[in-house]
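Working notes, beginning with the structure itself.
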Amino acid sequence: MATDIGIDLGSSKTVIFSSSKVVLELPNVVTVDADTWEPVYYGEKAKQTIGRTPDSLLSVYPIEHGVISDYDLTELMLKNYMEQAFGNKILRPRIMATLPAGLTELQHHSLSNVVEAAGGRNITVIEGPLAIAFGLGLDFSVPHGTLIVDIGAGTTDVAVISLGGIAACDSFKIASFDFDAQIIRYVRREYNIEIGQLTAEAIKIKVGCAVKRDIEVAMVAKGRNIFSGLPESFEITSGEVYDAIKDTLKLICNAIREVINKTDPDLVADIMADGMYLTGGGSQLSGFAQLISDYLGIKVHQMDDPTHSVVKGAAVAIKKPELLKNVDYQMRSIKELEIE
Ligand SMILES: Nc1ncnc2c1ncn2[C@@H]1O[C@H](COP(=O)(O)OP(=O)(O)OP(=O)(O)O)[C@@H](O)[C@H]1O
Ligand SMILES: [Mg+2]
């Protein structure tokens, strides 16, 4: 019997789904030897070393904005993750891997090749929003527009699905990592303190907000004074974080509007009637759904388990190859799926 595997190789982490559950979820970070580029650590340990490595080591994200930026490191990392997840127990796997919407055929092949080089077989690649549509159980037999927005770490993926295909889409290189970068800049400017990405992410998750909170919250964090070089604590409030990130929040709202503007009016009417589906780890920022809903005047359905909706959808899609037939570039691998 074939094993079905969904793989979401995101800008911040890899999620592998098999036998109805998440079997691996690890940061897409590799610590390498700065001279030889040989991997030293993968995953959680590599993430914890960001900003803390000696000069001889370097921690890198081999996937940027949802696409592979360092092919060799991605291959080694994924191989390591597949071994951690399955050992050598995988029996004739069928793999569905995902990538952002609107990319080139070459980028699809590149992902397929890297999964194959990491030990995968029978690989199909589909766009993340299409996978999410499978997970939502949309009726693919009728022409009806559904807007899906996935705010991840490195990309905001916006797509309108109709008849089981993508009617309009774009993938924007602006997402939750940008909030971290803005928080780092804000703290440097206002407090003369340098903080790392992990601290910025913790601030974003704990006190960040997309609409000003009625009751302000604050937290104490630590960094390094840029003048004295010594460790220093500071307190940062939700209002300050909002001020630091508000321009990016607006850019993301405008990006969604841009895709709606190029969507067929009949499909837009469907979206206005149904509301849109919001998912991705970045969408968990407090008040984000409300901001998008207010900005666009569209009801927003926040999906449960937002960091797994792509991979869970991919696992649904793999079982329904007949529904993927609208999409040309997948035909070769779909034929392989049918032979299984
Ligand atoms: N509670 C939270 N509030 C705000 N942001 C959060 C929260 N939880 C996670 N995030 C952010 O979500 C992002 C990760 O989201 P996700 O797992 O969807 O990204 P990804 O799939 O790896 O990236 P991409 O889809 O962009 O390639 C991180 O930047 C993380 O800081
Ligand atoms: Mg993602």
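In what follows, every heavy atom counts, from backbone to side chain, and hydrogens, waters and symmetry copies are set aside. Atoms within each ligand, like the ligands themselves, are counted from 1 in listed order.
For atom 21 (O) of ligand 1, the nearest non-hydrogen atom of the protein is G10 CA, 3.9 Å. For atom 24 (P) of ligand 1, the closest heavy atom belonging to the protein is S11 OG, 3.4 Å. Counting only heavy atoms of the protein, atom 14 (C) of ligand 1 lies nearest to S12 OG, 3.6 Å. Looking only at protein heavy atoms, the nearest one to atom 2 (C) of ligand 1 is Q284 CB, 3.6 Å. Here the heavy atom of the protein found nearest to atom 30 (C) of ligand 1 is E201 OE2, 3.2 Å. In terms of protein heavy-atom proximity, atom 19 (O) of ligand 1 is nearest to A153 N, 3.2 Å.
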Kindly list each side-chain donor-acceptor pair under 3.5 angstrom involving residues 249-259, sequence neighbours excluded, with atom names and distances?
{"unit_1": "N254", "atom_1": "OD1", "unit_2": "Y295", "atom_2": "OH", "d": "2.5"}
{"unit_1": "R257", "atom_1": "NH2", "unit_2": "Y295", "atom_2": "O", "d": "3.2"}

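Both the backbone and the side chain of K13 come within contact range of ligand 1, each with a heavy atom under 4.0 Å. At a heavy-atom distance under 4.0 Å, only side-chain atoms of T307, from C-beta outward, approach ligand 1. Counting heavy atoms closer than 4.0 Å to ligand 1, residue K204 contributes side-chain atoms (C-beta onward) but none from N, CA, C or O.
Sequence neighbours left out, the pairs with a member in residues 214-269 that pass ring pair (Phe, Tyr, Trp, His ring centres under 6.0 Å) are Y191-F234.
Residue F177 has no nitrogen or oxygen atom sitting less than 3.5 Å from a nitrogen or oxygen atom of ligand 1, judged on distance alone.
At least one heavy atom of G154 sits less than 4.0 Å from an atom of ligand 1.
Residue I318 comes nearest to I5 through the heavy atom pair CD1-O, 3.8 Å, listed as atom of the first residue, atom of the second, then distance.
Here the shortest heavy-atom distance to atom 6 (C) of ligand 1, taken over P306, G281, S286, belongs to G281. For atom 11 (C) of ligand 1, the choice among A200, S309, S176 with the nearest heavy atom turns out to be S176.
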